[in-house]
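Single-structure report; data block below.
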Protein chains: 2
Amino acid sequence: MARSSTRPTSRDVAQAAGVSQAAVSLVLGDKWRGRVSETTAERVREAARDLAYRPNLAARNLRLGHTRTVLLVVPALTTEFFAGVYTGAARVAADHGFGVVLYPSPEGIGPARDPFASAQAALDGVIASSMAADALTAIRGDQLPLVMLDSDPSGSLGAATVNLDIADGVRQVASHLLGLGHRRFLHLAADVPSWTFEVRARELAAQLAAVPGTSVRTAHAPISIDGALTAAEAALAAPGPRPTALVCDDDKLAAGAYKAARRLGLRVPDDISVTGLDDLALATALDPELTTVRLDAELFGERGMQALLAVLEARAPDAGDIPVELVVRGSTAPPSPS
Amino acid sequence: MARSSTRPTSRDVAQAAGVSQAAVSLVLGDKWRGRVSETTAERVREAARDLAYRPNLAARNLRLGHTRTVLLVVPALTTEFFAGVYTGAARVAADHGFGVVLYPSPEGIGPARDPFASAQAALDGVIASSMAADALTAIRGDQLPLVMLDSDPSGSLGAATVNLDIADGVRQVASHLLGLGHRRFLHLAADVPSWTFEVRARELAAQLAAVPGTSVRTAHAPISIDGALTAAEAALAAPGPRPTALVCDDDKLAAGAYKAARRLGLRVPDDISVTGLDDLALATALDPELTTVRLDAELFGERGMQALLAVLEARAPDAGDIPVELVVRGSTAPPSPS
DNA sequence: GCCTCCAAGTAATACGTATAACGTCGACTC
DNA sequence: GAGTCGACGTTATACGTATTACTTGGAGGC
């Protein structure tokens, strides 16, 4: 009770158990086989329990030279998607005794543009979404093990990459809509410079170009319901034959597209088919429910963390993109004969 | 280049600058006024820059006895709400040189039921949502400074609390619906044991009890769109006069209620008015847009972090609940004359 | 009876930092 | 010219842990 004000250390435990500090470390670190008798070990464990002893992580990290903590850099948390990525990454991390610290990218997160300063933690590695591009230069400065999420595999300077098979998702969307008979498309694209959106644009163009008689226009919008509403309304009200299918870069944009259609008196899917990408909770809250591409955010996070663990252990990370799946719901139908 | 494989330490910087390690610490810690000449200081800074020196946080934390890192315990991240709380808390934290580590509660986060083990960080304090109740006993074990979010002020054992004025939100909803003429209510309640939901139930009952001729039934549902769909459909299909107003504990439940109404052939708001609580992006994606209570999640997080900083500095945290605001949209209307 | 060896620990040390306590050297005072 | 003082540093130390060496008291072999 002499040191009741400060947290107990391993030395306090040692004193309480009548052993040396080294013995405490041995017992609690589970390295005591053949070094400490079972009875003494039990005495130590009991003392630790009585004092509610918790090892000082800072000291341990210093001694060990690593922290079992990694940083996850994401563009934002405002959507379930990256929340899911975090959850998946944190689960795998916990299974391996790691913790995950989050750095949601700079827009308004404070004066510190430096992800390492803001996340006050000593780190063993970094997982970064390519959408948080502004933080990346700072990250490359530190030579920490790095895994990139949804990033150009050929352009990431040797960092390991883990990607969703977005291109395949877009193929499935295009195939679905073409199969229904659509030929006039509008692509509602995210107004964000990122590889993952480039892939959508490129792949959609490629798929449609392969079918004679198709046309496609593109409108750009910030990733928000209201932003998409404005952009989609303008694009749909433009002169010329109206598109019959509206392919959106993600579900939020699709929700904005619904509102635009409503304003213009168009009915989904009778007058216009709409597709999304993500399969957020939003997708089934819409009326009609949204045909979209399901991305497994948690699996994405898990694979990201697994890849980082592989890098840390100097193993080769698993290769192969994560498959995605088209979910057909009520927002797509054959075009009405005009 | 002798130690090129390992990260440079302050001693390396000292050697490169031709000074002692202490001088490096002084200069980089900005405590050198009157102790080191300007020219020497500049030489040190230059050496640090050249070597891309970053102080070892583990060593610093050990020396300083604190980590400037706090833990945020939330029930889940799958909705924007707690993502917003995190964002707000992290912003204030960053402004004060703190970092925030996240612990989304146990459902499926791994074998470690212990938030401190899972978040591999040495902590200075904890902010915990009362909805993550299962983690709380573990948290109380450690005598860390604690701030509770949305928790019973009288029952939180002396921990500081920061609350949204949910009761006032419910009052506004009740007043709005009563003013429109509604008398038969259905309360779609979250099936989660938490103070914040108890407040909703209690306050709604109190408000309606004050008006003669009102009736209210209650249905419980897990907080998910599909869960709410099932519960709401059953409740609305029950015998007896149908409620004309459906008060939901949050926006997700309201989204499920929309689907239930649709299935039963009821139109919102003509046949039934619906209200939510949260004002997620979901609220304006619904058709008609949802009348709901806007909670400022980021402000909530900011206030939580401010309160924790106050506790850490032995100041009294700001008192007073955070005001909320009814947002009237298209999902509420006078009851149709039956 | 002496050497060996093992069980059961302990003493000592290093990790990288921040800071308190301590030099040293020149200029200035009187 | 002795004493004082400020400017500019340096030396030493502690934070709490994990781990590598070392000690010691016997038990067993021959």
Side-chain angles (χ1 to χ4, degrees), chain A residues 3 5-45 47-48 51-68 97 116-117 120-124, chain B residues 3 5-45 47-48 51-68 97 116-117 120-124:
Chain A
R3 350 183 68 246
S5 69
T6 177
R7 287 175 50 141
T9 73
S10 61
R11 214 173 308 267
D12 297 326
V13 175
Q15 191 173 349
V19 298
S20 73
Q21 179 267 331
V24 173
S25 182
L26 253 14
V27 170
L28 267 30
D30 221 38
K31 301 215 180 297
W32 57 282
R33 288 161 280 248
R35 318 250 301 142
V36 176
S37 73
E38 172 56 47
T39 54
T40 315
E42 183 51 35
R43 200 148 34 90
V44 168
R45 283 189 287 259
L51 295 178
Y53 168 72
R54 285 192 164 283
N56 179 320
L57 272 319
R60 181 199 300 241
N61 291 343
L62 175 58
R63 171 69 229 243
L64 260 24
H66 64 249
T67 60
R68 312 219 130 222
F116 300 106
Q120 288 286 28
L123 303 172
D124 284 353
Chain B
R3 351 182 66 244
S5 69
T6 176
R7 287 174 50 140
T9 73
S10 61
R11 215 173 307 267
D12 296 327
V13 176
Q15 190 173 349
V19 297
S20 74
Q21 179 267 329
V24 172
S25 183
L26 254 14
V27 170
L28 267 31
D30 221 38
K31 302 217 179 292
W32 57 282
R33 287 161 278 248
R35 318 247 302 139
V36 175
S37 73
E38 173 56 48
T39 54
T40 313
E42 182 51 35
R43 198 148 34 92
V44 168
R45 282 189 287 260
L51 295 178
Y53 167 71
R54 284 191 165 282
N56 179 320
L57 272 318
R60 176 192 301 218
N61 291 342
L62 176 59
R63 171 70 228 242
L64 258 25
H66 64 246
T67 60
R68 311 218 131 224
F116 300 105
Q120 288 286 26
L123 304 172
D124 284 353

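Worth knowing before you read on, the calculation uses all heavy atoms, side chains too, and leaves out hydrogens, waters and symmetry mates. Residue numbers begin at 1 in each chain, while the letters A, B, ... track the order of the sequences. No experiment lies behind these values; they were computed from the predicted model shown.
Note: CZ (A:R60) to C1' (D:dT17) measures 8 Å, nearest angstrom. What separates CZ of B:R11 from P of C:dC15 is a distance of 8 Å, to the nearest Å. Between the CG atom of A:D12 and the C1' atom of D:dC15 there is a distance of 13 Å, rounded to whole Å. Counting to the nearest Å, the P atom of C:dG16 and the CD atom of B:Q15 are 14 Å from each other. Between B:N56 atom CG and C:dA14 atom C1' there is a gap of 13 Å when expressed in whole angstrom units. Rounded to an integer number of Å, the gap from A:L64 CG to D:dG16 C1' is 12 Å. When rounded to the nearest whole Å, the span between OH of A:Y53 and C1' of D:dT17 equals 7 Å. Counting to the nearest Å, the C1' atom of C:dG16 and the CG atom of B:L28 are 13 Å from each other.
The backbone N or O of A:Q21 sits nowhere less than 3.5 Å from a side-chain atom of A:R11 that would complete a donor-acceptor pair.
When the side-chain nitrogen and oxygen atoms of B:T9 are compared with OP1 and OP2 of C:dC15, none of them lie within a distance under 4.0 Å. Regarding contacts with the backbone of D:dT19, every side-chain N or O of A:S25 stays at 4.0 angstrom or more from both OP1 and OP2.
If you check every strand for non-hydrogen atoms under 4.0 Å, B:S37 touches sugar and phosphate atoms only.
Every residue two or more places apart in sequence or in another chain that forms a side chain to side chain contact (heavy atoms under 4.5 Å, CB included) with B:T67 is listed here: B:N61, B:T69, B:A122, B:D124. For the salt bridge (Lys or Arg N to Asp or Glu O under 4.0 Å) test, residues two or more places apart in sequence or in another chain that qualify with A:R45 are A:E38, A:E42. The side chain to side chain donor-acceptor pair (under 3.5 Å) test applied to A:N56 returns no partner, not counting sequence neighbours. Under the rule for a side chain to side chain donor-acceptor pair (under 3.5 Å), the partners of A:S37 that lie at least two apart in sequence or sit in another chain are A:T39, A:T40. With sequence neighbours left out, B:R35 forms a salt bridge (Lys or Arg N to Asp or Glu O under 4.0 Å) with no residue at all.
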Can you give me the N/O atom pairs linking the protein to nucleotides 10-13 of chain C at distances under 3.5 Å, or say none if there are none?
| from | atom 1 | to | atom 2 | distance (Å) |
| --- | --- | --- | --- | --- |
| C:dT10 | OP2 | A:S20 | N | 2.8 |
| C:dT10 | OP2 | A:S20 | OG | 2.8 |

Given side chain to side chain contact (heavy atoms under 4.5 Å, CB included), test A:W32 with A:V44 step by step and report yes or no. CA-CA 11 Å; A:W32 57 282; A:V44 168; over 6 Å; no
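Out of D:dT17, D:dT19, C:dT19, the shortest distance to the side chain of A:A59 is found at D:dT17.
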